[in-house]
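Sequential numbering from 1 along the given sequence is applied to the chain's residues.
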Amino acid sequence: MKVWLAAILIAPLIVALFLATRFFAEIEDYRAIDWLSITGTVFGYYGVVFSAYAALGVREISNRYFAKMRLPEIRKQVESLASRLSILAESTTDKAVSDRIFSEITVTLESLKKIDGYRRSKLIDQSLTHTSKVLTWVQSNRSTPLKVTLCDDLWPLYANLNTMNSQIMTAIEEERAR
């Protein structure tokens with residue numbers, strides 16, 4: 001049991017017993033109903049605490065289930081995007097500017113960022129920055145047909161997508177092992 005949970009549960013009981021002994025020491029004639037009233041108040045407090053604890057547990061289970069359902073699909077998308085990006089690297093800027101891959105990368109990474117089972121926002125932010133820089137480079141050089149491979153941010157983006165793919169696969173395997 002965690003220390004903070006023990007403090008939350010034990011502290012009101014000690015306070016209630018202390019107040020009860022002080023209160024009933026001044027009254028000569030007290031009944032069992034008075035003790036039951038104090039006990040009911042303490043158990044009501046415990047009910048609120050346990051309900052909050054259960055709600056947090058349900059939220060965690062919900063987040064894990066959502067990650068378990070979404071991560072395999074997103075992993076396939078990231079793997080496909082990395083593969084398409086390597087093929088796009090051999091094309092020229094005038095052909096690459098019309099490809100939807102950059103918007104798909106952004107959408108996929110933003111949806112991955114929202115999943116609690118995958119907490120690597122720094123890598124996602126780096127990848128989004130590289131995506132933006134590659135897209136800007138492609139758009140600024142579309143009038144001169146250069147190979148997309150010449151863009152400095154293309155290969156770090158490709159490496160980040162492959163890293164994310166491996167990390168997602170590991171997260172899925174760890175979730176299955178639980």
Side-chain angles (χ1 to χ4, degrees), residues 1-9 48-178:
M1 183 182 277
K2 297 180 181 177
V3 175
W4 64 269
L5 185 60
I8 288 175
L9 295 177
V48 170
V49 170
F50 284 133
S51 296
Y53 187 72
L56 292 175
V58 167
R59 181 175 179 217
E60 182 181 331
I61 290 170
S62 174
N63 289 341
R64 284 181 59 194
Y65 179 76
F66 183 70
K68 189 176 182 179
M69 292 292 106
R70 288 285 295 148
L71 281 178
E73 178 186 331
I74 290 178
R75 188 196 69 78
K76 289 177 188 175
Q77 289 175 352
V78 169
E79 186 176 30
S80 170
L81 289 170
S83 174
R84 286 177 48 206
L85 191 63
S86 68
I87 294 169
L88 184 72
E90 296 302 318
S91 68
T92 57
T93 55
D94 56 340
K95 293 179 184 173
V97 77
S98 62
D99 202 332
R100 296 184 339 208
I101 190 168
F102 301 111
S103 61
E104 290 176 15
I105 289 173
T106 303
V107 169
T108 302
L109 295 182
E110 288 294 337
S111 66
L112 183 59
K113 198 181 220 183
K114 295 176 185 173
I115 295 178
D116 283 339
Y118 182 82
R119 293 194 175 120
R120 288 159 183 89
S121 61
K122 184 177 179 182
L123 183 63
I124 293 172
D125 289 339
Q126 287 176 354
S127 300
L128 289 171
T129 302
H130 288 307
T131 303
S132 175
K133 288 180 179 178
V134 171
L135 181 59
T136 303
W137 185 87
V138 166
Q139 288 175 342
S140 66
N141 292 313
R142 69 177 161 198
S143 60
T144 59
L146 298 172
K147 290 268 189 189
V148 180
T149 309
L150 298 174
C151 181
D152 293 334
D153 288 299
L154 180 74
W155 296 114
L157 174 61
Y158 178 75
N160 284 354
L161 289 175
N162 282 324
T163 301
M164 280 186 264
N165 184 31
S166 298
Q167 289 174 347
I168 293 170
M169 202 173 345
T170 302
I172 291 169
E173 289 171 6
E174 286 174 355
E175 187 62 34
R176 284 185 190 151
R178 289 184 189 179

Practice item. Decide, yes or no, whether a salt bridge links Glu110 with Lys114 under the criterion of side-chain N to carboxylate O below 4.0 Å. Key: no
Could you list the donor-acceptor pairs under 3.5 angstrom formed by side chains in residues 67-74, with sequence neighbours left out?
| from | atom 1 | to | atom 2 | distance (Å) |
| --- | --- | --- | --- | --- |
| Arg70 | NH1 | Glu73 | OE1 | 3.4 |
| Arg70 | NH1 | Glu73 | OE2 | 3.2 |

For the [atom1] atom of [X] and the [atom2] atom of [Y], what is their distance to the nearest 0.5 Å?
{"X": "Lys122", "Y": "Asp125", "atom1": "NZ", "atom2": "CG", "answer": "10.0 Å"}
{"X": "Ser83", "Y": "Leu88", "atom1": "OG", "atom2": "CG", "answer": "11.0 Å"}
{"X": "Ser51", "Y": "Leu56", "atom1": "OG", "atom2": "CG", "answer": "11.0 Å"}
{"X": "Glu175", "Y": "Arg64", "atom1": "CD", "atom2": "CZ", "answer": "4.5 Å"}
{"X": "Asp99", "Y": "Ser91", "atom1": "CG", "atom2": "OG", "answer": "7.5 Å"}
{"X": "Asn160", "Y": "Asn165", "atom1": "CG", "atom2": "CG", "answer": "12.5 Å"}

**Study point:** Residue pairs, two or more places apart or on separate chains, that pass salt bridge (charged side-chain N to carboxylate O under 4.0 Å, His left out) and touch residues 85-96
**Key:** none
Taking all non-hydrogen atoms of both residues into account, name the closest pair between [X] and [Y] and its distance.
{"X": "Ala82", "Y": "Asn162", "result": "CB-OD1, 3.6 Å"}
{"X": "Met164", "Y": "Leu123", "result": "CG-CD2, 3.4 Å"}
{"X": "Tyr158", "Y": "Ser86", "result": "CE1-CB, 3.7 Å"}

Review point. So, does Thr108 use its side chain to make a donor-acceptor pair with the main chain of Glu104 at under 3.5 Å?
Key: yes
Practice item. Please test Leu161 against Ile105 for side chain to side chain contact (heavy atoms under 4.5 Å, CB included), starting from the C-alpha separation and ending with a verdict. Key: CA-CA 9 Å; Leu161 289 175; Ile105 289 173; 4.2 Å; yes
Review point. What's the verdict on side chain to side chain contact (heavy atoms under 4.5 Å, CB included) for Ser127 and Ile124, showing C-alpha distance, side-chain angles and the deciding distance?
Key: CA-CA 5 Å; Ser127 300; Ile124 293 172; 5.6 Å; no
Review point. Taking C-beta and beyond as the side chain, do Arg84 and Leu81 meet within less than 4.5 Å on heavy atoms?
Key: yes
Side-chain atoms of residues 148-155: list all donor-acceptor pairs with protein atoms under 3.5 Å, sequence neighbours left out, distances to 0.1 Å.
| from | atom 1 | to | atom 2 | distance (Å) |
| --- | --- | --- | --- | --- |
| Thr149 | OG1 | Ala89 | O | 2.5 |
| Asp153 | OD1 | His130 | ND1 | 3.0 |

Practice item. Using the side chain to side chain contact (heavy atoms under 4.5 Å, CB included) rule, take Leu112 and Ile168 through it: C-alpha gap first, then chi angles, then the decisive distance, then the call. Key: CA-CA 10 Å; Leu112 183 59; Ile168 293 170; 3.8 Å; yes
According to side chain to side chain contact (heavy atoms under 4.5 Å, CB included), who are the partners of [X], at least two apart in sequence or on a separate chain?
{"X": "Ser132", "value": "Thr136"}
{"X": "Val97", "value": "Val138, Gln139, Arg142"}
{"X": "Asn141", "value": "Thr93, Trp137, Thr144, Leu146"}

**Study point:** Lys76 atom NZ: more than 12 heavy-atom contacts under 6.0 Å
**Key:** no
